[in-house]
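What follows is one structure encoded as C-alpha cells, with my remarks underneath.
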There are 2 protein chains.
Amino acid sequence: MDKTHSSGGRPVPTVADVAAAAGVSTATVSRCLNSPTVVSEKTLKRVMEAVERLGYSPNFSARALASNRTNMVGAIIPTMENAIFARGLQAFQEELQRHGRTLLVASSSYRLDLEEQQIKTLSARGADALLLIGYQRDARIYDYLEKRDIPVVLTWASRPDSGLLSVGFDNRKAMKQLADMVIQEGYTAIGCISAETGTNDRARDRVEGIRAAMRDAHLDPGTLQLIETTYSIENGEAAFAQLMSGAAQPEVVMCGNDVLAIGALKGAASLGLRVPEDVAITGFDDIELAQVAPYPLTTVHVPHRRMGQLAARVLVETLDGLEPPSVELPVEICRRQTL
Amino acid sequence: MDKTHSSGGRPVPTVADVAAAAGVSTATVSRCLNSPTVVSEKTLKRVMEAVERLGYSPNFSARALASNRTNMVGAIIPTMENAIFARGLQAFQEELQRHGRTLLVASSSYRLDLEEQQIKTLSARGADALLLIGYQRDARIYDYLEKRDIPVVLTWASRPDSGLLSVGFDNRKAMKQLADMVIQEGYTAIGCISAETGTNDRARDRVEGIRAAMRDAHLDPGTLQLIETTYSIENGEAAFAQLMSGAAQPEVVMCGNDVLAIGALKGAASLGLRVPEDVAITGFDDIELAQVAPYPLTTVHVPHRRMGQLAARVLVETLDGLEPPSVELPVEICRRQTL
DNA sequence: TTGTATGCGTTATCAG
DNA sequence: CTGATAACGCATACAA
C-alpha cells in the first residue's frame, strides 16, 4: 500500500521515520550509520540529530538479512560450571564486546554428539564465527562450517599443523613437563585420575604426556594406573580411594584437572594419608580452589583469560578479512605443597 | 530479475529451492516447517525429504525479520567468573535450549551504567526476553523494555510486590536468619565484609539483614563494623586484617559472600587466629570452595541452579503468552565449622 | 489443503 | 554526495 507508513504510534522508529524527520532518503540514513565518512558533514549532523531525537536503533534482523552478518559470535563449551571455561568465556565475551560483537552460548556437556548439534544450531542462528573447545570432532563438521563460510577458532588445545585456526596450549607437552618433574623427584609408581579419554582430546593428551615422560625415564608406561571418570570432587575422591585400595598403591596420583585433584586430596584426608609424605598429588589448570585447598596444590597454570581474549581477537580479525596465525600459549608448572 | 534464482552453486539452499525440489510453493514449505499439522500427510513427507536432501535450514535473519521473533534470550550478569553466576547461567542456558531458545550473554562488571548499555545492546540485537540480576536500576530502563515489549525476569532477589517478574530469594531475610543464629550463639561484636552497598542491592540487603537481627536482639546496629570492598579472595583477606587491627576487634566476621569469607579465613590463618575459637567467620552462597576450604564454611546455601532453570521457564512461558507468577526460593543455613 | 502476493527494515547497486 | 529501487529469505493474510 503505502511504503512510508510512518503514521500513528511512536513505538520503534525505522529508517523511514528518521529519513522523513531529517528530510533525506533512507539510503542516506543508512550511509550515515554505516559509512559516515562518505556523507556530507551537514547532512550527517542533521541525520544523527534525528536519530537521537527519535531514539532510533536499527532493526537487528533486517540489518542481518540485508548485510548477511549478525555480529554475533558463538561459543560452544562443555559447561560453564567448570571455572576454567567460565573464566575463558568471560574474557572472550569482554573482548567481543569491545569489538561490537555479541556472544552466543551453547553447552555440550562434554558430549560430541551434543556439540555437533549445537554447532548446527548456532550457525543456523546466524553466528558469524564460532569458538570450539579441543579439536576432536568429525571431519564433516569442519566441512559444514567451511561451506557456510563460518570461521572457527579451536581453544584449549593447539593444532599448529592442522590447517585449523587455534589459540591454545599443548596439553601433552604441559602434562609431560609436570610428569618429568614428578619422576625426577624419584616417584615411579604413578596413578592417574582422568576424564574419559575416548571423547576428550585434552584429557587424552594429558595422559599421553604422562606416558611419554615415563618412556623417557625408562619406566614402563603400562604400569600407569589409570582411572577415568567424570569431573567432580566426589568422583575424584572415589577414584582416589579405588587407586589406593589396589594391589600396587601409587606413590603419586596425577589428576587430569584441579577438581579431581581436590577430590583426591579429600580422599587422602579420609584415608588418613599425609600429603605429600604418604602420597603426592598433582592437578591441572590452577583454579582458585587449587591455592585455597587445605594443601596448596601442585598444578599446571593455564592462562585461561588470555586464551579467551586472544581467541576473540583472532576471530574478529578473521571476520575483518585478515588471516591471523594460530597461537600456542605457554603454560607454567606451579609447584606447591602437594608434591 | 528472477525470483527463482536457484541456479548454479549448491551453497545455502532457500525455501525456493526446497519448494522447487518438492514441487510445491514456498508457502507450503514454510507451513511444513512451522505448522506441520495444517498440511497434508503426503506433501509434508515430500517436503521434508527435500529439506533433508538439500540440507536446508531456514535463514535465521529472514525468519526473525518476518516473524518478529529471534528465539534468543539475553542474560546480563556481573561476571561469569563468579561461580554462582556461572552456575545459574548454565542452568538457565540448558533450560532455554530445551525450549528451542538460544542464550545471548553480556556482562556488566557490577556497574549499573554498563548494565544499562548492555540492556540496550541486547534488545537492539533482538533478544526476545531478558534475565537481569537484582532490582536496582533506573525506572526508565523498565519503561524502555516495556515499550519494546521485552519481558524481563529479575533474579538473585525477590520483589513480589513490585509488579516485576522475579525468580529469586530474599537476601535480607536470608542474612538475618544467619545473623540471628550468630547472635543466639552469644556473639555481640560483629564485623562485616561486604561488596559495595551503594550499587549492589543484594549486598545492601544482606547487610540490612544483619542490622535487623541486631535490632531484634537489642544490639546497637551502629556498632556493626562494616568494610565494603570488591569481591575477591585478596580483598577479603585485606579487609579482615583491617577489621582485626581496629580498636574493637569483632568476635565474628560475617561476609557478603563465600569468596570474601575464604579471604577472611586466609587472613585469620596469617594472623595466627584460630577459627572459630578466636574469631568466627560466615559466608554466603555455598559455593564449592566453601566446603573444601581449610575450615568448612558456615554459610547460606542458595539454590542457584534451580533459580536459573526456573527463570528460563518463567521467561519462556511469558513469551508463550502466559503470565507465570514470581517465585521466591527458600534458602538454607549451612552450619559448618567456622561458627 | 495449497498457491499467490506482499510486507518485514536494511543494505547495496546504480543512476543522477 | 544523494536518491530511487531492487534484493535479502521467510511468514502470512487472502484467495482459490
Side-chain angles (χ1 to χ4, degrees), chain A residues 1-7 11-47 50-51 54-71 123-126 128 148-149, chain B residues 1-7 11-47 50-51 54-71 123-126 148:
Chain A
M1 316 277 126
D2 179 27
K3 278 281 186 90
T4 60
H5 50 79
S6 46
S7 62
V12 196
T14 72
V15 261
D17 297 320
V18 177
V24 298
S25 73
T26 63
T28 297
V29 174
S30 179
R31 275 192 287 262
C32 287
L33 266 37
N34 299 305
S35 16
T37 56
V38 80
V39 338
S40 86
E41 187 74 27
K42 221 179 95 186
T43 53
L44 176 62
K45 185 168 169 240
R46 195 146 42 95
V47 168
V51 165
L54 299 183
Y56 168 76
S57 123
N59 177 291
F60 165 76
S61 314
R63 181 195 283 245
L65 178 57
S67 67
N68 202 30
R69 292 181 312 109
T70 60
N71 287 320
S123 29
R125 284 273 197 273
D128 287 339
R148 284 185 168 51
D149 205 40
Chain B
M1 318 280 126
D2 180 27
K3 278 277 186 90
T4 60
H5 51 79
S6 46
S7 61
V12 197
T14 71
V15 261
D17 297 319
V18 177
V24 298
S25 74
T26 62
T28 298
V29 175
S30 179
R31 278 191 283 264
C32 287
L33 266 36
N34 299 306
S35 16
T37 57
V38 80
V39 328
S40 86
E41 187 74 27
K42 221 180 93 185
T43 53
L44 176 61
K45 186 169 169 241
R46 195 147 40 97
V47 169
V51 165
L54 299 184
Y56 168 77
S57 123
N59 177 291
F60 165 77
S61 314
R63 179 192 283 239
L65 179 57
S67 66
N68 203 30
R69 291 182 312 107
T70 60
N71 287 320
S123 29
R125 284 272 196 274
R148 283 185 169 52

Inset, instruction - Would you indicate what B:Thr43 reaches in the nucleic acid, counting non-hydrogen atoms under 4.0 angstrom: base, sugar-phosphate, or nothing? - result: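 Here B:Thr43 touches the backbone only, sparing every base.
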
Atom [atom1] of [X] to atom [atom2] of [N]: distance rounded to whole Å?
X	N	atom1	atom2	result
B:Asn68	C:dT10	CG	C1'	15 Å
A:Asp17	C:dG9	CG	P	9 Å
A:Asn71	C:dT11	CG	C1'	13 Å
A:Arg46	D:dC1	CZ	P	15 Å

Inset, instruction - Kindly say whether B:Gly126 contributes a backbone atom to a donor-acceptor pair with the side chain of B:Thr70 at under 3.5 angstrom? - result: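 A pair under 3.5 Å: yes.
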
Inset, instruction - State whether the side chain of B:Ser30 and the backbone N or O of B:Thr26 hold a donor-acceptor pair below 3.5 Å, judged by distance alone. - result: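 The answer is no, because no donor-acceptor pair under 3.5 Å joins these two groups.
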
Inset, instruction - Kindly compute the distance separating CZ (A:Arg148) from OG (B:Ser57), expressed to the nearest 0.5 Å. - result: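 OG of B:Ser57 is found 6.0 Å from CZ of A:Arg148.
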
Legend entry - Closest to side chain of B:Leu65, choosing from D:dC10, C:dG9, D:dT2: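 So the nucleotide nearest the side chain must be C:dG9.
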
Legend entry - Residue pair B:Ser40 / B:Thr43: nearest heavy atoms and the distance that separates them: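 For B:Ser40 and B:Thr43, the tightest heavy-atom pair comes out as OG-OG1, 3.0 Å.
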
Inset, instruction - Mind listing the closest non-hydrogen atom pair of A:Leu65 and B:Asn59 along with its distance? - result: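 That would be CD1-OD1, 4.3 Å.
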
Legend entry - Distance test, side-chain N/O of A:Thr14 to OP1/OP2 of C:dG9, below 4.0 Å: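 Answer no for this pair, as no side-chain N or O of A:Thr14 is under 4.0 Å from OP1 or OP2.
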
Inset, instruction - Determine whether more than 12 heavy atoms belonging to other residues, nucleotides or ligands lie under 6.0 Å from atom CG of A:Asn34. - result: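 For A:Asn34, atom CG is crowded (more than 12 foreign heavy atoms under 6.0 Å).
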
Inset, instruction - Classify every nucleotide of nucleotides 11-16 of chain D by which part a protein heavy atom approaches to under 4.0 Å, writing B for the base, S for the sugar-phosphate alone and - for neither, in 5'-to-3' order. - result: BBB---

Inset, instruction - Using heavy atoms to find the nearest nucleotide of DNA chain C for A:Asn59 and B:Val24 separately, return the residue whose nucleotide is more 5′. - result: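 Nearest-nucleotide comparison on DNA chain C picks B:Val24.
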
